[in-house]
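The structure under discussion appears below in the form of structure tokens.
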Amino acid sequence: MAKETKKAATEVATTEDNVMEQIKSGNMLKESNVQAAIAEIEKQKDEKQKKEAMDMICRAKYLNNKALLELRARRREEKNNKEYLTETKNILDEVLGGKITPIEYKKKCEDLREEFRKKNRESDKQLSEEMQELRESFEG
């Protein structure tokens with residue numbers, strides 16, 4: 001029973017004179033809550049910076065790999081162009097040397113052009129497959 005009287009004595013009865021003081025004192029921020037809020041803000045800030053760093057690293061790796069894949073594709077196309085130029089020159093030399101007729105020349109040029117296009121389509125298809133693989137290997 002002595003404990004109950006002590007508890008009652010520490011609690012101040014709310015009256016019309018002290019009601020605002022009671023309300024204001026109840027609305028005051030506790031030091032422990034302020035410290036916990038500051039710690040949570042720091043934690044969120046750290047998490048945000050960590051996520052930004054991860055995004056930057058992933059983006060940089062993705063862009064680098066993408067550029068390398070595109071470079072490989074351009075080099076394949078360059079090789080195809082060189083082969084095409086060499087072969088068209090050879091066919092022209094055959095015509096000018098009297099080895100083939102104009103009709104044979106046209107046929108060889110058409111076949112060569114179709115082969116050139118086929119190689120470029122294959123290169124584009126390979127690039128598309130590689131890019132799909134790259135996109136699936138990165139998040140974000």
Side-chain angles (χ1 to χ4, degrees):
M1 187 129 247
K3 289 183 181 179
E4 288 180 20
T5 55
K6 267 188 172 176
K7 191 175 185 182
T10 58
E11 291 181 17
V12 177
T14 305
T15 64
E16 68 179 89
D17 294 333
N18 68 359
V19 68
M20 280 313 294
E21 289 175 21
Q22 292 286 327
I23 292 171
K24 286 181 181 180
S25 68
N27 287 339
M28 291 290 179
L29 298 176
K30 293 180 184 175
E31 182 65 27
S32 61
N33 290 342
V34 170
Q35 293 302 321
I38 291 171
E40 185 66 27
I41 290 169
E42 285 297 318
K43 181 180 173 187
Q44 287 177 358
K45 184 178 177 183
D46 289 344
E47 287 295 319
K48 181 182 176 189
Q49 288 179 350
K50 179 180 169 185
K51 182 169 179 7
E52 286 175 347
M54 289 171 52
D55 289 345
M56 286 187 293
I57 291 167
C58 287
R59 180 180 298 260
K61 285 183 178 181
Y62 173 84
L63 292 174
N64 189 37
N65 288 338
K66 179 182 174 186
L68 290 171
L69 291 175
E70 289 173 344
L71 178 63
R72 286 178 47 175
R74 298 299 81 82
R75 288 189 176 157
R76 283 191 303 268
E77 290 172 7
E78 181 181 309
K79 180 182 173 192
N80 291 342
N81 283 333
K82 284 181 180 179
E83 290 174 3
Y84 179 73
L85 289 170
T86 303
E87 289 301 315
T88 56
K89 174 70 170 118
N90 292 340
I91 294 170
L92 178 61
D93 289 345
E94 288 178 5
V95 168
L96 297 176
K99 296 179 183 175
I100 61 173
T101 66
I103 292 174
E104 291 173 321
Y105 169 77
K106 288 179 183 176
K107 175 70 173 133
K108 283 188 172 189
C109 283
E110 288 174 11
D111 291 344
L112 186 60
R113 186 71 178 159
E114 185 55 39
E115 182 66 25
F116 174 72
R117 289 179 181 157
K118 180 182 174 189
K119 286 181 179 180
N120 281 340
R121 281 192 304 271
E122 288 172 359
S123 177
D124 288 344
K125 181 180 178 188
Q126 183 178 351
L127 177 62
S128 294
E129 290 170 357
E130 291 170 345
M131 290 301 297
Q132 182 64 32
E133 187 76 27
L134 177 64
R135 282 189 291 273
E136 290 179 5
S137 68
F138 283 94
E139 293 183 21

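In terms of heavy-atom proximity, Ser123 sits nearest to Ala73 at OG-O, 3.7 Å. Across all non-hydrogen atoms, the minimal contact from Arg135 to Ser128 is NH2-O, 4.4 Å. Here the closest non-hydrogen pair linking Lys99 and Glu104 is O-OE1, 4.5 Å.
In terms of hydrophobic clustering, with Ile, Leu, Val, Met, Phe, Trp and Tyr side chains grouped at heavy-atom distances under 4.5 Å, Ile57 and Leu68 are assigned to different clusters.
In this structure, Glu70 CD and Leu63 CG are separated by 9.5 Å, a value rounded to the nearest 0.5 Å. With rounding to the nearest 0.5 Å, the separation of CZ in Arg76 from CG in Leu71 is 10.0 Å. Here CD1 of Ile91 is found 5.0 Å from CG of Leu112. Values are rounded to the nearest 0.5 Å. Rounded to the nearest 0.5 Å, atoms CD1 (Ile38) and CG (Asn33) are 11.0 Å apart. One finds the CG atom of Leu127 at 8.0 Å from the CD atom of Glu77 (value rounded to the nearest 0.5 Å).
Under the 4.5 Å side-chain criterion, counting only non-hydrogen atoms from C-beta, Lys45 is not in contact with Lys48. The closest side-chain heavy-atom distance from Lys61 to Asn64 is not below 4.5 Å. The side-chain heavy atoms of Phe116 and Asn120, taken from C-beta on, include a pair separated by under 4.5 Å.
Distance alone, capped at 3.5 Å, is enough to place a donor-acceptor pair between the Thr88 side chain and the Tyr84 backbone. The backbone N or O of Asn80 sits nowhere less than 3.5 Å from a side-chain atom of Glu83 that would complete a donor-acceptor pair.
Between Lys50 and Asp46 there is no salt bridge, since no side-chain nitrogen of the basic residue lies less than 4.0 Å from a carboxylate oxygen of the acidic one. Salt bridge annotation for Arg59-Asp55: absent, with no cationic side-chain nitrogen under 4.0 angstrom from a carboxylate oxygen. Salt-bridge formation is detected for the pair Lys108/Glu94: a Lys NZ or Arg NE/NH1/NH2 atom is positioned less than 4.0 Å from an Asp or Glu carboxylate oxygen.
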Show the numbers, then the answer: is there a side-chain contact (heavy atoms from CB on, under 4.5 Å) between Val95 and Thr101?
CA-CA 6 Å; Val95 168; Thr101 66; over 6 Å; no
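A donor atom on one side chain and an acceptor atom on the other are found under 3.5 Å apart for Glu130 and Gln126.
Within a 6.0 Å radius of CD1 in Ile103, no more than 12 heavy atoms belonging to other residues, nucleotides or ligands are found. Within a 6.0 Å sphere centred on CD of Glu133, heavy atoms belonging to other residues, nucleotides or ligands number 12 at most.
For the salt bridge (Lys or Arg N to Asp or Glu O under 4.0 Å) with Glu78, the lone residue among Arg74, Arg75, Lys82 that qualifies is Lys82.
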